[in-house]
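Below is one structure; the comments refer to it alone.
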Amino acid sequence: MIKLHNTKTRRKEAFVPIDDQNVRMYVCGPTVYDRAHLGNARPVVVFDVLYRLLRHVYGEGRVTYVRNFTDVDDKINAKAAETGRDIREITDETIGWYHEDMDALGALRPDHAPRATEYIPPMVAMILDLIEKGHAYEADGHVLFDVNSYDAYGALSGRKLEDMRAGERVEVADYKRDPMDFVLWKPSSGKQPGWESPWGYGRPGWHIECSAMSLDLLGESFDIHGGGLDLQFPHHENEIAQSCCANPTGDFARYWLHNEMLQVEGKKMSKSLGNFFTVRDLLDQGVPGEVIRFVLLSTHYRSPMDWTDKKMREAEKTLRKIAELLGSDPLTKPWVDLRYATPPQEFIEALANDLNTSLALTLIGKYLKNRQEFELVGALRLLGFFPEALVQTFAEVRIQTVDNSLVSGVNIQTRGAGLKTDMNSLNDLGKRLQKIRKEAMESGNFSEMDALKSALTDAGIEVRMSKESIELIPGVSFDLAKLEALK
RNA sequence: GGCGAGUUGGCGGAGUGGUGACGCAGCGGAUUGCAAAUCCGUGUACAUGAGUUCGAUUCUCAUACUCGCCUCCA
């Protein structure tokens with residue numbers, strides 16, 4: 001039994017799909033004019049977990065997930081004007097980036113990822129229908145939705161039209177009957193993208209695409225509609241107005257899920273504050289996608305999440321421990337066939353309880369501590385972490401000295417193949433450290449050894465020493481350049 | 001101004017009408033050249049005031065504060 005918090009009712013409700021053979025979910029996707037920033041990644045990862053959970057519960061082929069690309073928008077036009085590039089070129093490139101970056105976070109691709117520009121005729125048809133039904137009107141080359149024609153307008157976000165008689169914040173176009181009326185279609189000129197329509201050459205307003213696409217791909221009633229909390233008003237309110245007026249026999253979306261916003265080091269992420277960064281920025285800094293995913297899931301989706309360096313380091317540490325356990329020599333472990341690993345019931349229940357990913361990660365921590373590999377692997381997979389990938393990503397180099405009555409020498413082990421670094425340098429350093437250490441232990445003078453050790457630490461390599469071995473583990477902040485300087 | 005969310009120990013972060021998770025840090029111990037890592041053990045919290053209740057951190061109301069959305073950025 002999955003329970004989800006429905007924004008529509010402001011309550012946690014038992015989730016009952018309309019058709020359990022085809023569970024349908026729509027999530028608002030990005031406007032494609034630039035790299036996805038970290039805030040964009042939160043809903044992607046949150047709804048990816050929901051998608052995985054639904055697939056787990058109802059069956060892989062029995063969930064349809066749609067996430068759109070908004071590729072008609074004034075921000076895109078501005079980008080085109082600014083760079084002199086073709087709009088299609090910009091949107092194609094950005095969509096490619098988006099896929100790359102979200103793939104790196106371990107997010108499954110939706111079943112459908114429609115582009116707004118592929119849906120112009122259905123949007124025009126829906127607008128015509130709305131005019132015909134008396135919910136929209138043409139004025140000054142625009143087509144506007146008449147919010148007063150829909151009684152439930154504002155129900156989702158808990159706003160009343162009277163309270164919003166704005167005009168205070170934004171200048172209201174004088175062709176609007178009501179300041180809250182929003183654009184369904186607007187005229188295009190010059191280099192602006194446009195299509196012929198009954199109202200002249202123009203382009204759609206922002207909200208209509210989601211109504212047209214969800215109708216086509218999911219029908220007039222579907223199960224879940226998700227997105228960031230910022231979209232609750234006006235975007236989702238407007239979607240509801242359009243869809244419910246155009247298809248009065250349908251429910252549109254039954255469960256509305258909204259994720260809270262993301263902050264960075266306690267402050268809102270914004271360009272003006274200079275704490276704005278993209279997923280690609282982090283990946284390029286060497287932060288594995290799994291670490292980003294882990295941090296994003298460590299806070300419940302309906303709470304504001306604060307992105308901090310500390311959380312990133314802790315997440316990395318935990319993932320490394322997991323990789324160490326999973327990647328260690330199978331001969332040292334009791335036999336487990338991880339191919340058949342399934343998530344424990346308590347783990348599924350945590351996720352089924354309105355996506356309590358924080359508790360889910362706590363459980364993962366428990367399986368790790370108790371070395372319950374079967375449970376661990378099953379849980380990780382459901383949450384979108386792949387054991388093999390973790391072992392690779394967090395590969396380590398272990399330089400082990402062997403020194404006992406039978407053998408004496410150096411044994412170098414590496415785990416995984418994903419380590420993007422110069423193995424030889426690491427090996428050399430490990431041997432050197434071992435040699436210096438041996439000398440130091442004989443002479444009693446540890447200064448040279450301490451110097452090398454702190455240099456390694458500075459370069460982002462964790463140094464672990466025990467009687468038997470020395471381990472060098474390049475971390476997330478590993479800096480190859482500093483390592484070169486040590487030679 | 002409108003709307004909404006939140007306030008849990010040093011930090012992060014779940015959860016519950018009645019024995020107050022868990023992680024990190026701290027402290028004590030084992031181990032150690034010293035550390036680290038690892039293992040064992042361990043303390044401190046539920047914004048304030050009032051109400052409901054046998055009993056509230058958990059429900060209700062008020063107050064304070066924080067944050068977000070409504071505005072380019074989700």
Side-chain angles (χ1 to χ4, degrees), chain A residues 5 7 10 27-31 33-44 46 70 73-75 78 154 156-171 180 226-237 258-263 266-273 275-278 294-295 297-300 302-308 310-315 317-318 320-321 324 350 353 356-366 368-369 437 440-447 449-450 453-454 456-457 461-471 473:
Chain A
H5 182 272
T7 310
R10 279 149 225 280
V27 174
C28 291
T31 300
Y33 68 102
D34 208 349
R35 285 272 185 193
H37 60 69
L38 195 57
N40 292 308
R42 192 175 189 198
V44 172
V46 164
T70 300
D73 185 276
D74 288 346
K75 290 193 285 278
L156 179 73
S157 53
R159 289 158 205 250
K160 295 188 193 107
L161 274 175
E162 306 85 73
D163 298 337
M164 293 188 291
R165 298 294 176 210
E168 294 164 23
R169 299 191 58 117
V170 197
E171 207 173 314
M180 298 312 296
L229 188 61
D230 56 316
L231 296 177
Q232 187 189 34
F233 184 88
H235 183 56
H236 289 162
E237 204 69 73
H258 291 100
N259 63 277
E260 252 287 2
M261 302 289 98
L262 179 135
Q263 295 170 255
K267 297 232 170 82
K268 174 188 161 125
M269 180 165 84
S270 72
K271 284 172 182 165
S272 54
L273 286 173
N275 60 353
F276 182 97
F277 51 92
T278 65
F294 194 101
V295 174
L297 294 178
S298 66
T299 297
H300 184 86
R302 281 191 292 111
S303 296
M305 124 135 293
D306 191 15
W307 179 274
T308 62
K310 192 182 174 203
K311 284 182 182 171
M312 214 162 70
R313 286 193 303 273
E314 288 184 9
K317 235 163 121 179
T318 305
R320 164 153 292 129
K321 282 187 201 167
E324 281 175 17
N353 185 9
N356 194 340
T357 52
S358 176
L359 187 60
L361 288 176
T362 298
L363 291 171
I364 282 181
K366 186 176 88 174
L368 169 65
K369 192 174 178 185
R437 185 192 195 210
M441 286 174 69
E442 281 160 10
S443 67
N445 178 0
F446 295 93
S447 57
M449 189 183 127
D450 287 339
K453 208 171 63 189
S454 42
L456 286 166
T457 307
I461 297 176
E462 192 184 331
V463 180
R464 292 188 197 170
M465 290 188 185
S466 69
K467 243 183 203 168
E468 305 78 30
S469 66
I470 295 173
E471 288 169 76
I473 304 164

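Just so we're on the same page: letters track the sequence lines, and every chain starts at 1.
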Taking atom [atom2] of [N] as reference, at what distance in whole Å does atom [atom1] of [X] sit?
X: A:Phe294; N: B:rC24; atom1: CZ; atom2: P; answer: 11 Å
X: A:Leu229; N: B:rC70; atom1: CG; atom2: P; answer: 10 Å
X: A:Arg320; N: B:rC24; atom1: CZ; atom2: C1'; answer: 17 Å
X: A:Phe276; N: B:rC72; atom1: CZ; atom2: P; answer: 14 Å
X: A:Arg10; N: B:rG6; atom1: CZ; atom2: C1'; answer: 15 Å
X: A:Glu237; N: B:rC69; atom1: CD; atom2: C1'; answer: 13 Å
X: A:Asp74; N: B:rC72; atom1: CG; atom2: P; answer: 10 Å
X: A:Lys268; N: B:rC70; atom1: NZ; atom2: C1'; answer: 11 Å

[N] to [M] separation - [atom1] atoms, rounded to the nearest Å:
N: B:rU42; M: B:rG4; atom1: C1'; result: 41 Å
N: B:rG20; M: B:rA56; atom1: C1'; result: 12 Å
N: B:rC46; M: B:rG18; atom1: C1'; result: 15 Å
N: B:rA30; M: B:rG68; atom1: P; result: 49 Å
N: B:rC11; M: B:rG26; atom1: P; result: 15 Å
N: B:rA25; M: B:rU44; atom1: C1'; result: 13 Å
N: B:rG12; M: B:rU19; atom1: P; result: 25 Å
N: B:rA50; M: B:rG1; atom1: P; result: 29 Å

Contact under 4.0 Å: [X] side-chain N or O vs [N] OP1/OP2:
X: A:Lys321; N: B:rG23; value: no
X: A:Lys267; N: B:rC67; value: no
X: A:Lys369; N: B:rA21; value: no

Between [atom1] of [X] and [atom2] of [Y], what distance do you get to the nearest 0.5 Å?
X: A:Thr7; Y: A:Leu231; atom1: OG1; atom2: CG; result: 11.0 Å
X: A:His300; Y: A:Glu260; atom1: NE2; atom2: CD; result: 10.5 Å
X: A:Phe294; Y: A:Thr318; atom1: CZ; atom2: OG1; result: 4.5 Å
X: A:Gln232; Y: A:Leu156; atom1: CD; atom2: CG; result: 5.0 Å
X: A:Leu359; Y: A:Leu363; atom1: CG; atom2: CG; result: 5.0 Å
X: A:Cys28; Y: A:His236; atom1: SG; atom2: NE2; result: 3.5 Å

*Map A:Pro234 and A:Asn259 onto RNA chain B by nearest heavy atom, then report which one ends up closer to the 5' terminus.*
A:Pro234
*RNA chain B: stems of at least 3 consecutive Watson-Crick or G-U pairs, cut-off 3.5 Å?*
B:1-7 with B:64-70, B:10-12 with B:22-24, B:26-30 with B:38-42, B:47-51 with B:59-63
*Give the B/S/- string for nucleotides 10-16 of chain B, one per nucleotide from 5' to 3', where a protein heavy atom under 4.0 Å of the base yields B, of only the sugar-phosphate yields S, and otherwise -.*
-BSSSS-
_Give me the atom names and distance for the closest heavy-atom approach of A:Val295 to A:Met305._
O-CE, 3.4 Å
*Check for a donor-acceptor pair, side chain of A:Lys268 on one end and backbone N or O of A:Met261 on the other, with a separation under 3.5 Å.*
no
*Would you say A:Glu237's side chain and A:Gly154's backbone share a donor-acceptor pair under 3.5 angstrom?*
yes
*Validation row: A:Arg159, A:Met180 side chains within 4.5 angstrom (heavy atoms)*: no
Name the nucleic acid region contacted by [X], choosing base, sugar-phosphate or nothing; use a 4.0 angstrom heavy-atom cut-off, strictly under.
X: A:Tyr33; answer: sugar-phosphate
X: A:Arg42; answer: nothing
X: A:Gln232; answer: nothing
X: A:Leu361; answer: nothing

*Could you tell me which residues satisfy salt bridge (charged side-chain N to carboxylate O under 4.0 Å, His left out) with A:Arg302, sequence neighbours excluded, listed by chain and number?*
A:Asp354
